[in-house]
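The first residue in the sequence is number 1, and the count goes up from there. Since the structure is predicted, the reported quantities are computational estimates derived from the model, not experimental observations.
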Amino acid sequence: MKVLVVGAGGREHALCWKIAASPLCDKLYCAPGNAGIAQVAECVPIDINDFDGLIALAKDKAVDFVVVGPEGPLVAGLADRLSEQGIKVFGPSRAAAMLEGSKGFLKDLCAKYNIPTAEYGRLADPKSAKSFVRESDMPVVIKADGLAAGKGVVIATTLAEAESTIDEMMVEKSHGEAGISLVIEEFLEGEEVSFFALVDGRNILPLASAQDHKQVGEGETGPNTGGMGAYSPAPVLTPKMQARVMSEIIEPTVRAMADEGQPFRGVLYAGLMITAEGPMLIEYNVRFGDPECQVLCVRLKSDLLPALIATCDGTLDTLDLRWHDDSALSVVMATRGYPGAYRKGSEIRGVDKAEALDDVVVFHAGTKAGPGGWPGGALIATGGRVLNVTATGRTINEAKARAYAAVDLIDWPEGFYRRDIAWRALARHN
Ligand code: AMP
Ligand code: GLY
């Protein structure tokens, strides 16, 4: 098979790394990819939002199967466009991607089908939004309806903060069109966990749990990022709790989407709060998490490619996946300044030394080869999140020790990282 992966981050590097290892894959392309991905795939410089360019590439190279990494193109209808051209694609239709693309759509679906989630209001103008928060208990959670790169959520602890957030999002349009309508919801208390499942429209194949660290600073301080690290499995999701998540949240959602005439095909990423009453849905994403995908991929023993194909073919009921017993942990190395302004173009050394350690893989999130190519020449940082140093171990502690031993071999003065990835799992263990 010829396979094309769409995306340029650590998630796509992990997907390419697994797919390239599949005996089913003869040739792997990635658009646009990065310096790490170029080690396992042929990178083609086409933007993820250039649908005509991606379709032309798939046709030109006679690609059999396209795997879409990020949510933006899915919500904008890339899977529909590829399907119309007769090209098989992993990733939901535009209509099914609304689970992530519109928080209001998701909340209304949960209400209609009794899926446990925070109480909410859907507000379309600042006046009604403000009267809604005046009637609410603090804190309230204020969410831009549309995609906002993980930055469209504010937890307001006072009424004044809630009102100014409403003005920023709805009047000053701090998140553009994504924030002109809002979801305002009850604040849930508990421990967050992510759960991933492949869904073929009808059948569900559970993958695994993971926990990420959204805030930039150690001890969960500072602004939110795309994720500063992740580990899997997450001990808070016990087998019993996972069974409840499946029967109370995932299965009803999959049935609901089918009943609504918008069957979901792809990977369903549930952001959950484990509360005193049980699991509650915070949000869905319609793609793999980044960096959660990286820890799932190193734990997966089976070939990933047949599972992605079965997701498209509606045959997930015939499939079984095998996992390593090991835990996995990934540390994100980011450019100083991220998630604010930062300077691109610094040189990273020592990735080869880090990768030479046993049970360590360094996925690239934002890199390019300098003059002379890489490896051989220089490796240049081109993004906010730049490397995902990923390790496995018999315990989460062992995976953590290996990952940080690898991080310590990377020489990159312009970078930074959190030293406390997986603290929740370790606190629970101790
Ligand atoms: P989201 O973009 O929906 O994942 O929200 C970002 C983060 O905000 C989540 O990962 C949670 O930490 C937090 N959050 C969102 N909704 C709620 C809620 N209803 N209660 C408590 N925390 C929330
Ligand atoms: N790590 C969070 C996300 O992928 O949305």
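Separation of atoms CG (Leu426) and CG (Asn397) is listed at 5.0 Å; rounding is to 0.5 Å. Put simply, CG on Asn285 and OG on Ser194 are 8.0 Å apart, with the number rounded to the nearest 0.5 Å. In this structure, CD1 on Ile87 lies 9.5 Å from CG on Leu54, to the nearest 0.5 angstrom. Distance check, rounded to the nearest 0.5 Å: CG of Leu205 to CZ of Phe196 gives 14.0 Å. Between Arg418 atom CZ and Tyr404 atom OH the span is 8.0 Å, to the nearest 0.5 Å. Taking OG1 of Thr382 as the start and CD1 of Ile348 as the end, the distance is 8.0 Å to the nearest 0.5 Å.
Checking side-chain atoms of Lys214 against main-chain N and O of Glu220 turns up no donor-acceptor pair under 3.5 Å. At least one donor-acceptor pair closer than 3.5 Å links the side chain of Glu186 to the backbone N or O of Glu119. No donor-acceptor distance shorter than 3.5 angstrom exists from the side chain of Asp145 to the backbone of Ser181, with no hydrogens or angles considered. Panel note: side chain Ser22, backbone Lys18; no donor-acceptor pair is recorded below 3.5 Å. Judged purely by atom type and a 3.5 angstrom limit, Gln215 uses its side chain to pair as donor or acceptor with the backbone of Gly222. With hydrogens and angles disregarded, a donor-acceptor distance shorter than 3.5 Å links the side chain of Thr335 to the backbone of Gly383. In this structure, Ser232 contributes its side chain and Leu296 its backbone to no donor-acceptor pair below 3.5 Å. Checking side-chain atoms of Lys107 against main-chain N and O of Ala118 turns up a donor-acceptor pair under 3.5 Å. A distance-only check finds no donor-acceptor pair linking the side chain of Ser102 to the backbone of Met98 [under 3.5 Å]. Judged purely by atom type and a 3.5 angstrom limit, Thr117 uses its side chain to pair as donor or acceptor with the backbone of Leu281.
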Let me check something: any side-chain donor-acceptor pairs from residues 59-77 under 3.5 Å, sequence neighbours excluded? List them with distances.
from	atom 1	to	atom 2	distance (Å)
Lys59	NZ	Gln85	OE1	2.5
Asp64	OD2	Lys2	N	2.7
Glu71	OE1	Arg287	NE	3.1

Show me the donor-acceptor pairs, under 3.5 Å and distance only, between side chains in residues 165-173 and residues at least two apart or in other chains.
from	atom 1	to	atom 2	distance (Å)
Thr165	OG1	Glu161	O	2.8
Asp167	OD1	Lys130	NZ	2.9
Asp167	OD2	Lys130	NZ	3.1

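Annotation: side chain of Val199 is not in contact with side chain of Met257 (no heavy-atom distance under 4.5 Å). Here the side chains of Cys43 and Pro32 are not in contact, with every heavy-atom distance at 4.5 Å or above. Considering only heavy atoms from C-beta on, Glu251 comes within 4.5 Å of Met246 through its side chain. Counting heavy atoms from C-beta on, the side chains of Val332 and Leu387 never come closer than 4.5 Å. Counting heavy atoms from C-beta outward, Lys143 and Ile282 have side chains that approach closer than 4.5 Å. A heavy-atom distance below 4.5 Å is not found between the side chains of Glu100 and Tyr284. Residues Arg81 and Asp52 have side chains in contact (heavy-atom distance under 4.5 Å, counting atoms from C-beta outward). Here the side chains of Thr157 and Met138 are not in contact, with every heavy-atom distance at 4.5 Å or above.
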Q) Please walk me through it: do Asn388 and Ser330 pass side chain to side chain donor-acceptor pair (under 3.5 Å)? A) CA-CA 6 Å; Asn388 310 140; Ser330 186; 5.0 Å; no
Q. Is there a side chain to side chain donor-acceptor pair (under 3.5 Å) between Trp17 and Gln294 once you walk through the steps?
A. CA-CA 10 Å; Trp17 178 79; Gln294 291 81 312; over 6 Å; no
Q | Stepwise side chain to side chain donor-acceptor pair (under 3.5 Å) test for Arg336 and Tyr338 | A | CA-CA 6 Å; Arg336 282 186 197 279; Tyr338 174 80; over 6 Å; no
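For Pro279, the side chain to side chain contact (heavy atoms under 4.5 Å, CB included) partners at least two apart in sequence or on another chain are Met241, Arg244, Val245, Glu248, Ile249, Ile274. In this structure, the side chain to side chain contact (heavy atoms under 4.5 Å, CB included) partners of Asn34, at least two apart in sequence or on a different chain, are Ile37, His364, Thr367. With sequence neighbours excluded, the residues forming a side chain to side chain contact (heavy atoms under 4.5 Å, CB included) with Glu191 are Gln211, Val236, Arg424, Arg428, listed by chain and number.
The stretch residues 91-123 participates, sequence neighbours left out, in no ring pair (Phe, Tyr, Trp, His ring centres under 6.0 Å) pair at all.
Within 6.0 Å of atom CZ in Arg134, more than 12 heavy atoms from other residues, nucleotides or ligands are found, so the atom counts as buried in its surroundings. Around atom NZ of Lys301, more than 12 heavy atoms belonging to other residues, nucleotides or ligands sit under 6.0 Å away. The neighbour count for Lys368 NZ, taken as heavy atoms of other residues, nucleotides or ligands under 6.0 Å away, does not exceed 12.
Residues Ala144 and Leu182 share a closest heavy-atom pair of CA-CD2, 4.0 Å. Taking every heavy atom of both residues into account, Asp303 and Leu305 meet most closely at OD1-N, 3.1 Å. Minimum heavy-atom separation, Val140 to Ala162: CG2-CB, 4.1 Å. Between Arg385 and Pro291 the shortest heavy-atom distance is NH1-CD, 3.7 Å. Pairing each heavy atom of Leu316 with each of Ala307, the nearest pair is CD2-O, 3.8 Å.
Here Glu218 does not pair with Arg419 in a salt bridge; the nearest charged N to carboxylate O distance is not below 4.0 Å. With respect to the salt-bridge test (charged N to carboxylate O, under 4.0 angstrom), the residues Lys112 and Glu260 qualify. The existence of a salt bridge linking Arg202 and Asp317 is excluded, since no basic side-chain nitrogen approaches an acidic carboxylate oxygen closer than 4.0 Å. Salt bridge absent: Arg343 and Glu414 never bring a charged side-chain N and a carboxylate O closer than 4.0 Å.
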